[in-house]
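The structure under discussion appears below in the form of structure tokens.
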Number of protein chains: 2
Amino acid sequence: MLTPAANTREKLMRAAMDIVAADGFPAATTASIAERVGMAEGTLYRHFKSKDDLLIETYRRLKAEVFEAIQARTQAAAGLQGRFRALWLGMYATYAADMQAFAFGQRFGESALSKTEGGTAHERLMGHVKQLIGDGQAEGLIKPAPAEILSAFFFPPLVSMLKQGAQGREWSQAEIELAIDSAWASWSV
Amino acid sequence: MLTPAANTREKLMRAAMDIVAADGFPAATTASIAERVGMAEGTLYRHFKSKDDLLIETYRRLKAEVFEAIQARTQAAAGLQGRFRALWLGMYATYAADMQAFAFGQRFGESALSKTEGGTAHERLMGHVKQLIGDGQAEGLIKPAPAEILSAFFFPPLVSMLKQGAQGREWSQAEIELAIDSAWASWSV
DNA sequence: GTCTATACAGGGATAGAC
DNA sequence: GTCTATCCCTGTATAGAC
């Protein structure tokens with residue numbers, strides 16, 4: 001949810017997202033969500049079929065917006081290492097711009113609900129990374145390791161840095177570049 | 001919990017661990033835990049003060065055993081890159097030997113309970129890694145980046161591979177070595 | 001659309017008999 | 001030590017008035 005909430009429906013989604021991001025899924029009760037928006041608990045059901053429906057809808061919106069934002073940031077990149085850098089930075093910057101969305105996405109992906117709502121944002125981005133790996137290996141720039149291993153050195157460190165960012169650690173531009181260099185070093189032949 | 005359960009108390013801990021590992025924290029109700037052990041729900045409270053107590057105790061045991069197992073595997077390593085390899089492999093092999101313990105540890109670390117029980121297994125191992133980084137930087141073998149960045153290329157990819165392992169992806173010895181090489185490449189100057 | 005009141009279920013925990 | 005019965009609270013969801 002990178003855009004501000006307009007109507008009541010979106011206010012509810014934003015409230016749910018903030019609560020989950022801050023205190024986890026168990027804290028996101030119908031009571032706490034309604035209270036944060038400033039409305040009665042029962043009214044929530046005029047806007048969503050159920051609590052799960054609200055949460056799943058929130059995640060769908062988030063996923064779509066994040067994917068589009070990253071897409072936009074990554075479009076122009078040229079050259080293999082340039083594409084690599086753009087993708088890493090695009091993902092980082094997009095999530096860093098809305099840490100609540102990031103934390104919500106993380107928690108949603110580990111919740112039981114993610115079984116219902118198949119296809120996490122992560123999985124969707126994986127396609128881009130796999131493409132990159134295939135191209136790089138064809139050019140002989142990236143080591144011939146399985147994509148499952150190489151991607152373990154792309155997303156997880158990035159997520160780790162975002163998590164640390166959520167806990168107050170600020171990253172300088174130089175440090176971000178250092179991280180991208182390290183990620184690339186783990187991939188290159 | 002790398003050792004088999006002997007008494008009732010340990011059976012309860014193992015049951016809780018398995019349920020959390022398989023279906024997450026919400027699934028670990030007093031009813032489901034007791035049922036899995038084959039005893040009445042109320043009896044659980046003769047062995048533990050509360051459900052949280054059971055869960056926290058389970059995690060403490062796990063953490064202590066895991067730490068010791070890794071310690072044992074890492075002891076003999078010599079040379080900086082040898083220590084690096086031994087630590088990576090030691091952590092991997094220890095958790096791979098008990099994936100239930102691994103999954104439980106992951107989920108516990110993200111639960112609200114981990115705020116109560118300060119100091120996750122991860123944090124404790126971090127000390128070893130920081131030591132390694134300091135030594136390596138002094139020798140000029142490891143790039144002069146902040147430890148927070150370098151460790152993001154140590155634990156998270158390792159955890160990612162263990163998670164994939166939990167979902168059925170089998171890693172060959174050669175693939176493990178490939179992963180260690182990639183991790184080292186991300187660190188070296 | 002929103003509120004108040006309420007039904008209903010599930011989960012944690014205790015009491016007391018055996 | 002273990003079981004059965006039960007209490008209480010919390011959370012989801014619905015009904016019906018405004």
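As the structure is a prediction and not an experimental result, all values here were calculated from the model. Residue numbers begin at 1 in each chain, while the letters A, B, ... track the order of the sequences.
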Considering the options F84(A), Y92(A), W184(A), which one meets the ring-ring contact (aromatic ring centres under 6.0 Å, His included) requirement together with F154(A)?
F84(A)
Distance in angstrom units between [X] [atom1] and [N] [atom2], rounded:
| X | N | atom1 | atom2 | value |
| --- | --- | --- | --- | --- |
| L54(A) | dT12(D) | CG | P | 11 Å |
| L44(B) | dT2(D) | CG | P | 11 Å |
| L55(B) | dA13(C) | CG | P | 11 Å |
| E35(A) | dT12(D) | CD | P | 14 Å |
| I33(A) | dT12(D) | CD1 | C1' | 11 Å |
| F25(A) | dT12(D) | CZ | P | 12 Å |

In short, Y59(A) meets G105(A) closest at the heavy-atom pair CE1-CA, 4.1 Å
Under a 4.0 Å heavy-atom criterion, the protein footprint on nucleotides 13-18 of chain D, written with B, S and -, is BB-B--
Side chain to side chain, K143(B) and Q137(B), heavy atoms closer than 4.5 Å:
no
Please enumerate all residues that pass side-chain hydrogen bond (donor to acceptor under 3.5 Å, both in side chains) together with R107(A), with sequence neighbours excluded.
none
Please tell me whether I176(A) and M99(A) are part of a single hydrophobic cluster in this structure, the criterion being side-chain heavy atoms less than 4.5 Å apart.
yes
How would you list, by chain and number, every residue that makes a salt bridge (charged side-chain N to carboxylate O under 4.0 Å, His left out) with E41(A), sequence neighbours excluded?
none
Whether S32(A) contacts dG11(D) is assessed here as follows: a side-chain N or O lying under 4.0 Å from the phosphate OP1 or OP2. Is that the case?
no
Go through dG11(D), dT2(D), dC3(D) for me and flag the one nearest to the A40(B) side chain.
dC3(D)
